[in-house]
Peer 1: 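Before I ask anything, here is the structure I am working with.
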Amino acid sequence: MKRNTFPLKEHLKSKSVIDNLYANGASATAFPLRAVFLEQPATQEPTAAILINVAKRRFRHAVDRNLLKRRIREAYRTGKHQFIETLENNGKKMAVAIMYIDTKPSSTEYLKRKMEKLLNAIVTKAGMECEK
């Protein structure tokens, strides 16, 4: 059984990669989540580097933004194994920015279902084969 972790090495922090991601990346949506993703060179360390974003324009209070970011991180952490396995089987590495686009907060269970849909949409749009 694989551990459900989200280590720091999987966090997307490089400004140049983030700028390139937003400039040249493709997108997928599973409301209330939207992802912008870009395939990375095979020399990158993590299989998938993730950035989580909740807009200040939609949630003025930091506590609300932080709550949603924690919920999204949890949804990704528990549902990432099939996504990572698919990337590894296809020999690809990816940078992904996940954004929350609704104006009302969602529950963790709802976000887990939507995260699964979003990760499957990324795999489909990237043209990879996924095993269920």
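None of these values were measured; they are calculated from a predicted model.
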Peer 1: Stepwise, does the side chain to side chain contact (heavy atoms under 4.5 Å, CB included) test hold for Q40 with V17?
Peer 2: CA-CA 9 Å; Q40 293 293 96; V17 174; 3.6 Å; yes

Peer 1: Does a salt bridge link R77 with E74, judged by any charged N lying under 4.0 Å from a carboxylate O?
Peer 2: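 A salt bridge is present here (some side-chain N lies under 4.0 Å from a carboxylate O).
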
Peer 1: For the pair F6 and H11, name the ring-plane relationship: parallel under 30°, tilted 30 to 60°, perpendicular over 60°.
Peer 2: parallel

Peer 1: Look up atom CG in N89 and atom CD in Q82, then write down how far apart they are to the nearest 0.5 Å.
Peer 2: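 If I round to the nearest 0.5 Å, the distance is 10.5 Å.
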
Peer 1: Nearest 0.5 Å please: distance from the CD1 atom of I101 over to the OG1 atom of T29.
Peer 2: 5.5 Å

Peer 1: Look up atom CZ in R70 and atom CG in L68, then write down how far apart they are to the nearest 0.5 Å.
Peer 2: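 It is 9.0 Å, given to the nearest 0.5 Å.
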
Peer 1: Are P32 and L111 side-chain neighbours, meaning at least one heavy-atom pair lies under 4.5 Å?
Peer 2: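 Yes - at least one pair of side-chain heavy atoms lies under 4.5 Å apart.
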
Peer 1: Considering only heavy atoms from C-beta outward, does the side chain of Y76 approach that of E10 to under 4.5 Å?
Peer 2: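 They are in side-chain contact.
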
Peer 1: Quick check against the 3.5 Å criterion: does K117 have a side-chain atom that pairs as donor or acceptor with the backbone of F31?
Peer 2: no

Peer 1: Please report the C-alpha distance between V96 and L12 in whole Å, then the side-chain angles of each, then the deciding distance to 0.1 Å, and finally whether the side chain to side chain contact (heavy atoms under 4.5 Å, CB included) criterion is met.
Peer 2: CA-CA 8 Å; V96 182; L12 181 57; over 6 Å; no

Peer 1: Can I50 be reached from L21 by stepping across I, L, V, M, F, W or Y side chains whose heavy atoms are under 4.5 Å apart?
Peer 2: no

Peer 1: Is there side-chain contact between V54 and I72, with at least one heavy-atom pair below 4.5 Å?
Peer 2: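 When only atoms from C-beta onward are counted, I72 and V54 do touch, with a gap below 4.5 Å.
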
Peer 1: Taking all heavy atoms of F59 and all of D64, pick out the closest pair and write down the distance.
Peer 2: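 So the minimum-distance heavy-atom pair works out to CD2-CB, 4.1 Å.
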
Peer 1: Could you walk me through whether M99 and V36 satisfy the side chain to side chain contact (heavy atoms under 4.5 Å, CB included) test, starting with their C-alpha distance in whole Å, then the side-chain angles of each, then the deciding distance to 0.1 Å, before giving a yes or no?
Peer 2: CA-CA 8 Å; M99 295 163 276; V36 178; 3.3 Å; yes

Peer 1: In the structure I gave you, are the side-chain heavy atoms of H81 and N4 within less than 4.5 Å of one another anywhere?
Peer 2: yes

Peer 1: Could you report the tightest heavy-atom contact between A126 and K92, atom names first, then the distance?
Peer 2: O-NZ, 3.6 Å

Peer 1: Where the side chain of R34 meets the backbone of S27, is there a donor-acceptor pair that is under 3.5 Å apart?
Peer 2: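 Not confirmed, R34 side chain does not pair with S27 backbone.
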
Peer 1: The test is side chain to side chain contact (heavy atoms under 4.5 Å, CB included); show your working for T78 and K112 and say whether it passes.
Peer 2: CA-CA 8 Å; T78 56; K112 284 181 182 179; 3.8 Å; yes

Peer 1: Hey, does the side chain of N90 reach the backbone of T86 with a donor-acceptor pair shorter than 3.5 angstrom?
Peer 2: yes

Peer 1: Enter the distance from T5:OG1 to L8:CG here, rounded to the nearest 0.5 Å.
Peer 2: 11.0 Å

Peer 1: How close do L118 and A28 get, counting heavy atoms only, and between which atoms?
Peer 2: CD1-O, 3.5 Å

Peer 1: Do I98 and L51 touch side chain to side chain, with heavy atoms closer than 4.5 Å?
Peer 2: no

Peer 1: When you measure from the side chain of R65 to the backbone of R60, do you find a donor-acceptor pair of N or O atoms at a distance under 3.5 Å?
Peer 2: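 Looks like yes, one N/O pair under 3.5 Å.
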
Peer 1: Look up atom CZ in F83 and atom CD in E116, then write down how far apart they are to the nearest 0.5 Å.
Peer 2: 13.0 Å

Peer 1: Can you tell me if Y100 uses its side chain to pair, donor with acceptor, with the backbone of S106 under 3.5 Å?
Peer 2: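 Confirmed, Y100 side chain pairs with S106 backbone.
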
Peer 1: Quick one: do M115 and V123 end up in the same hydrophobic cluster if we chain Ile, Leu, Val, Met, Phe, Trp and Tyr together by side-chain heavy atoms under 4.5 Å apart?
Peer 2: yes

Peer 1: If you measure from the Lys or Arg side-chain nitrogens to the Asp or Glu carboxylate oxygens, is any gap between E45 and K93 under 4.0 Å?
Peer 2: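 No.
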
Peer 1: Is there side-chain contact between L38 and M94, with heavy atoms separated by less than 4.5 Å?
Peer 2: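 Sidechains of M94 and L38: no contact.
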
